[in-house]
Amino acid sequence: MRALPPITITPAILTSTSCAEPSAGEAVWVSGTTYAIGDRVISTTTHRVYESLKASNAGKDPTLAANTSWWLNIGPTSRWAMFDLLRNTGTTTASPLTVSITPGQRVDSIGVVGMVADTVTVTVTVSGATVYTASANLLNRPTSGWYDYFFGAFRYRQEFARFDLPPYTNAVISITLTRANGPVTCGGVVLGTSVYLGATQHQAESDALNFSRIDRDDFGTATLAPRRSVPRTVQTLRCKKTDVDRILQLRDDLNAVPALWSGLDDQDSGYFSALLIVGVYKRFTISMDQPEDALISLELEEV
């Protein structure tokens with residue numbers, strides 16, 4: 001199990017992106033325009049989307065705290081949605097989506113989640129020279145027999161992670177998503193220095209918190225209200241007691257802070273996606289009843 005605390009992606013380190021702002025369907029707030037209830041605008045200063053709460057809304061800057069009764073902060077703009085770590089938001093744009101980040105500090109790991117794309121490529125350049133490249137074909141057809149091989153539906157792998165980036169302080173990290181037909185989507189990018197917690201033990205669980213409602217009338221007829229299903233994992237880890245102090249510090253650092261958690265390093269494993277989550281820990285217990293090893297009980301929920 002590895003935990004990847006994210007660095008904050010700011011306009012200063014987002015060197016370039018092919019996703020424009022405003023993106024298609026987005027309109028920048030204009031002080032001289034009168035907005036109706038439900039109209040949405042964006043601010044290129046805060047990179048947020050705002051929805052008008054009142055009619056005859058004119059001259060009320062949505063970025064000012066004094067105008068919160070006039071505007072509702074909906075979330076990030078399309079350009080910045082891939083950096084907020086919430087899986088129910090994402091950047092969608094024409095293929096290819098190319099993003100370059102200059103962290104200005106050493107990082108050795110990256111995770112890209114919530115993708116709808118055919119391929120993803122991560123490249124690290126230093127002083128214009130390429131020092132690292134990793135890519136993956138995300139188009140996948142799960143097969144359990146010859147019929148599935150020829151006629152089964154294609155699915156997209158949504159997760160990609162690498163924990164072996166060369167840690168240069170002056171590196172430029174580029175991410176490229178491509179798709180032959182239709183736009184690409186990127187739900188989130190997590191970049192930072194990973195921390196190894198220990199080996200994931202047998203009997204790990206992948207679960208989901210389902211917020212959908214199912215109501216039945218007197219005759220048993222169901223009324224379904226689909227809502228979000230939030231992934232959740234439960235796992236036990238084994239680590240050396242010499243690592244416990246470092247893990248305790250990580251537990252403090254990630255208190256109510258989203259991070260990428262990867263239960264497995266082998267991305268070709270069928271269990272890789274099931275044990276990769278961008279979220280927060282709900283339980284982080286360290287059992288110290290063995291002389292050399294500690295057991296960690298870890299429960300994670302996606303944000």
Side-chain angles (χ1 to χ4, degrees), residues 1-7 85-87 103 105-115 120 122 132 134 136 138 140 142 157-167 187-210 229-303:
M1 167 67 74
R2 295 181 184 273
L4 176 53
I7 65 171
L85 300 187
L86 298 178
R87 289 288 292 272
Q105 63 187 67
R106 298 184 190 276
V107 298
D108 63 12
S109 302
I110 187 171
V112 188
V113 297
M115 293 179 289
V120 57
V122 172
Y132 177 92
L138 303 175
N140 183 37
R157 288 175 51 192
Q158 297 187 341
E159 297 85 14
F160 175 85
R162 287 292 185 272
F163 304 101
D164 59 350
L165 273 60
V189 172
V190 185
L191 189 64
T193 300
S194 64
V195 177
Y196 182 71
L197 297 179
T200 304
Q201 303 299 291
H202 293 293
Q203 298 182 333
E205 298 178 2
S206 174
D207 196 359
L209 302 175
N210 193 342
S229 180
V230 178
R232 172 178 175 269
T233 65
V234 180
Q235 51 268 300
T236 299
L237 317 175
R238 181 181 294 274
C239 72
K240 297 293 184 182
K241 71 176 182 181
T242 52
D243 292 334
V244 169
D245 284 345
R246 176 173 53 84
I247 293 172
L248 286 172
Q249 183 61 57
L250 177 75
R251 185 171 66 178
D252 288 342
D253 293 343
L254 294 183
N255 181 20
V257 175
L260 183 143
W261 308 77
S262 179
L264 298 174
D265 289 341
D266 182 9
Q267 299 195 52
D268 293 326
S269 169
Y271 291 144
F272 177 79
S273 295
L275 292 178
L276 186 142
I277 197 167
V278 176
V280 294
Y281 70 82
K282 301 293 289 184
R283 184 170 183 262
F284 198 139
T285 304
I286 303 175
S287 174
M288 295 164 284
D289 63 342
Q290 299 188 33
E292 297 298 330
D293 294 338
L295 294 178
I296 302 172
S297 297
L298 190 62
E299 296 182 12
L300 306 170
E301 284 184 15
E302 186 181 274
V303 290

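This chain uses plain numbering: 1 for the first residue, then up along the sequence. What you see is a predicted model; the values in this text were computed from it and never measured.
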- Task: Please round to the nearest 0.5 Å and tell me the distance separating atom CZ of Arg162 and atom OG of Ser194.
- Result: 13.0 Å
- Message: With side chain to side chain contact (heavy atoms under 4.5 Å, CB included) as the criterion, how do Val195 and Arg246 come out once you've worked through the C-alpha distance, each side chain's angles and the decisive distance to 0.1 Å?
- Response: CA-CA 9 Å; Val195 177; Arg246 176 173 53 84; 3.0 Å; yes
- Task: State whether the number of non-hydrogen atoms from other residues, nucleotides or ligands found under 6.0 Å of Gln290 atom CD is greater than 12.
- Result: yes
- Message: As an exercise, state the distance from CG of Leu191 to OG of Ser109, rounded to the nearest 0.5 Å.
- Response: 8.5 Å
- Query: Which atom names give the shortest non-hydrogen contact between Gln235 and Ala204, and what distance separates them?
  - Reply: CB-CB, 4.0 Å
- Query: Heavy atoms, side chains only, cut-off 4.5 Å: are Thr193 and Pro167 in contact?
  - Reply: no
- Minimal non-hydrogen separation, Pro6 against Val190, with atom names: CB-CG1, 3.7 Å
- List the steps, then state whether side chain to side chain contact (heavy atoms under 4.5 Å, CB included) holds for Phe163 with Asp108. CA-CA 6 Å; Phe163 304 101; Asp108 63 12; over 6 Å; no
- Using a strict 4.0 Å threshold on nitrogen-to-oxygen distance, state whether Lys241 and Asp293 make a salt bridge. no
- Do Tyr196 and Asp243 have side-chain N/O donor and acceptor atoms under 3.5 Å apart? no
- Task: Consider only side-chain N and O atoms of Glu159 and Ser273, and report whether a donor and an acceptor are under 3.5 Å apart.
- Result: yes
- Should Leu298 and Tyr281 count as side-chain neighbours, where that means a heavy-atom distance under 4.5 Å? yes
- Going from CG on Asn210 to CZ on Arg232, what distance comes out if it is rounded to the nearest 0.5 angstrom? 13.5 Å
- State whether the side chain of Trp261 and the backbone N or O of Met1 hold a donor-acceptor pair below 3.5 Å, judged by distance alone. no
- Note on the structure: What one should report as the nearest heavy-atom pair of Leu260 and Gly111 is CD1-CA, 3.7 Å
- Shortest non-hydrogen contact between Gly192 and Val107, atoms and distance: O-CB, 3.5 Å
